[in-house]
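Just so it is clear, the model here is predicted, and its values are computed rather than measured. Naming convention: chains lettered A, B, ... in sequence-line order (proteins, then strands); numbering from 1 in each chain.
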Amino acid sequence: MDDRNMESGCSHYNDVESDHSKCIIHVDIDCFYAQVEMVRNPELRSVPLGIQQKNIIVTSNYEARKYGVQKCMLVTDAFKVCPNLKLVNGEDLHNYRTASNKVFVVLQSWKCPVEKLGMDENFIDVTNLVQEKLKTTNNTNVNLAGQTYKEPSMDCPCGCHTRLRISSQIASEMRKKIYDDLSFTTCAGIAHNKLLAKLICPYNKPNNQTTIYPEHGTSFMSTLQSVRSIPSIGPKMTETLISQNIITVSDLQEVSVDVLKKHFSSDMAVRLKGLSLGEDNTPVKQTGKPQSIGLEDSFKIVSVKSEVEDKFSALLQRLLVLVREDGRIPVSLRVTLRKKDAKRLSSHRESRQSQVSPSIFILSNGSLTVTEAGQQKLMNIIMRLFNKLIDLSKPFHLTLVGLAFTKFQERMTGRGSIVNYLMNDISVQSVLNLQNECDTSATSMDYSAVSPSSSTTTDLSDAEVEPSPKKPKKVTWIAKRRCLSKEEVASPSKLKVGELRLNSKELEKVSELRLNSRDRSLTPRASPAKDNMSDTSDNMKECEERNCDDCPSYVDKEVFSALPDEMQKELKAMWKNPSGSGVPRSSPRTTNKPKPNTIMKYFVPHK
DNA sequence: CAGGGCATCT
DNA sequence: AGATGCC
């Protein structure tokens, strides 16, 4: 028997050994864009309001919905059903982003992992918080807040009913705080996994919340008609499933995993079947800074190189602003384009990427800048990548170009970490030029960079809220690093702060973290980027490697030996095991069957 | 249709 | 690198 049952598993009727131990809340802001506009201009509250992008209504307030103004409706059609519809242009997403980040910050004050999904949705894993509450109050007689999908028919021996009721109280507090602080009404779904939390969330709309108990997971899922309504089943999978006559969630529940394995990877087959039954063990991953920052521009057609260059130049200018706001130093750049192709209507993008020298980016007065020469260097890299993608001896026709920075230098900020130690000597920091991905474990309760007290005072007139600086990645050491010039190594102490790969905001953060006495576990572990170690980038060639037995080439031996013994030891240990032992990926699929030949535009389930 | 921007998996 | 998915 599975020993999960000893702890938190339940075994009752057709739910033999599922794990109910987690408590997940999904929070969804009601008609998000419309609410942002209504908060900005309260007069809009009492009138039917539509948010317009191009020629469509992307969302509407509930006043407008009374008239039948729906999402994704053409503006002309909307006026037909609601002649006095008030329109607000929503093409500039800046205000929405700001508001979205504020909600995210509010949710973080509960000190649980928060995962942002788009602008208006968040998952919160409150499992630990619930456990703590249970310990201190020991009261299993808790009232449910909000609605339930269905009352439970029996007690679950694992205690999940109590935990979910406590979760519903927490969800209610969260929604209240979002409303009190930011004036947004929200919906919430409470369940023992992300799938059910998300799907049950809109069950009582708007401005309400719904809890679903594990025993109703499977039956609830079967009320969803189309397999498409399961998150992670997109158009492609839907098409494949339908070609096999698997159309409803019920169909999927009844099909055997073996049949699914004929069309999907083994992992996916198992996962799909699980999802159809309301099972989902994917963790809530703390959202941090993005792993890439990019922009793209689509257009009818571009066939001239100089035009392409202009497009990229414009994109680069905009992108550099975003990167400056982000604060991290990019080390890799990707160029994407889409060729005009009659066969493939859309998508089919191609891309090439290469490293960029971090020295292009200069930190002065705490903000990232790139000199004219630096920008020219970037343009050179971009056009070189472009040449890899396009044979200029032949005509070309593009419909999209894109630019993205995809890897960043990061600094480890854990208390007691090497970097933290090094912060005491800024010159040493610059010499080592540490490049790693920072962070704490996703299940850790440590989000000290965002304090709850500061978040209670947010209001919409504030400047843009910076999202959590945390990344749900553990410490990773990357082999390729910037080499140092002789001058830099020779007199590290002469370096000006402005030249350091560290801005003032981050220094501030580091000192905050130092003050925070809570311990962090910064256990190194498998690097997801380990494959990139073999990257050989053309433009890094100038970096001649100096060999050193104990330490990597990017660290000057002299500087290294000048460090305290303890630190040398710590560094050596990490160099020995740069990325931990890679977790081998589960074996690739043996049976990947050809795609179905059915051409399915949309699947519209019958009621 | 509307598509931009990000993550994840292979 | 590319495909797929999500909002």
Distance, nearest 0.5 Å, that separates CD1 of A:I124 from CD of A:E115: 10.5 Å

From B:dT10, C:dG2, C:dC7, nucleotide with atom closest to A:L117 side chain: C:dC7

Distance-only side-chain donor-acceptor flag, A:Q52 / A:E91, under 3.5 Å: no

Phosphate OP1/OP2 of B:dA7: any A:S292 side-chain N/O under 4.0 Å: yes

Touch class at under 4.0 angstrom, heavy-atom based, for A:M237 against every strand present: sugar-phosphate

Nearest-neighbour nucleotide for the A:E296 side chain, C:dG5, C:dA1, B:dG5 considered: B:dG5

Closest nucleotide among B:dT10, C:dA1, C:dG2 to the A:Q353 side chain: C:dA1

Touch class at under 4.0 angstrom, heavy-atom based, for A:K198 against every strand present: sugar-phosphate

Phosphate contact (C:dC6 OP1 or OP2) by A:R228 side-chain N/O below 4.0 Å: yes

Earlier contact from the 5' end, DNA chain B, for A:M268 and A:L93: A:L93

Selection from C:dG2, B:dC6, C:dG5 that lies nearest to any side-chain heavy atom of A:E350: C:dG2

Sugar-phosphate, base or nothing in reach of A:L74, heavy atoms under 4.0 Å: nothing

Pair A:Y96-A:E37, side-chain donor/acceptor within less than 3.5 Å: yes

No-hydrogen, no-angle side-chain donor-acceptor test under 3.5 Å, A:T248 and A:D251: yes

Atom pair distance, as rounded to whole Å: CZ in A:R328 and C1' in B:dC6: 12 Å

Any A:S298 side-chain N or O less than 4.0 Å from OP1/OP2 of B:dG4: yes

C:dG2 phosphate, OP1 or OP2, under 4.0 Å from A:H348 side-chain N/O: no

A:R175-A:Q209 side chain donor-acceptor pair, cut-off 3.5 Å: yes

OP1 or OP2 of B:dT8 under 4.0 Å from side-chain N/O of A:Q291: yes

Atom-pair distance (CG on A:L319; P on B:dC6), nearest Å: 9 Å

Residue pair A:V88, A:L49: steps toward the side chain to side chain contact (heavy atoms under 4.5 Å, CB included) verdict: CA-CA 7 Å; A:V88 169; A:L49 171 68; 3.6 Å; yes

Rounded distance (Å) that lies between atom C1' of C:dC6 and atom CZ of A:F123: 11 Å

Residue-phosphate contact under 4.0 Å: A:K236 side-chain N/O, C:dC6 OP1/OP2: no

Touch class at under 4.0 angstrom, heavy-atom based, for A:I293 against every strand present: sugar-phosphate

Gap between atoms CE and P, on A:M73 and B:dA2 respectively (whole Å): 16 Å

Distance, rounded to the nearest Å, where A:K71 contributes NZ and B:dC1 contributes P: 20 Å

A:V58 side-chain proximity, nearest of C:dG2, C:dG5, B:dA2: B:dA2

Phosphate OP1/OP2 of C:dC6 contacted by A:S232 side-chain N/O (<4.0 Å): no

Rounded distance (Å) that lies between atom P of B:dC6 and atom CD of A:E121: 18 Å

Nearest-Å distance for atom pair CZ/C1', residues A:F264 and C:dT4: 12 Å

Sugar-phosphate, base or nothing in reach of A:D120, heavy atoms under 4.0 Å: sugar-phosphate

From B:dA2, C:dG2, C:dG5, nucleotide with atom closest to A:I56 side chain: B:dA2

Atom-to-atom span, CD1 of A:I233 to P of C:dC6 - whole angstrom: 8 Å

Test item: side-chain donor near acceptor, A:T240 and A:H263, under 3.5 Å: no

Contact under 4.0 Å: A:K289 side-chain N or O vs B:dC6 OP1/OP2: no

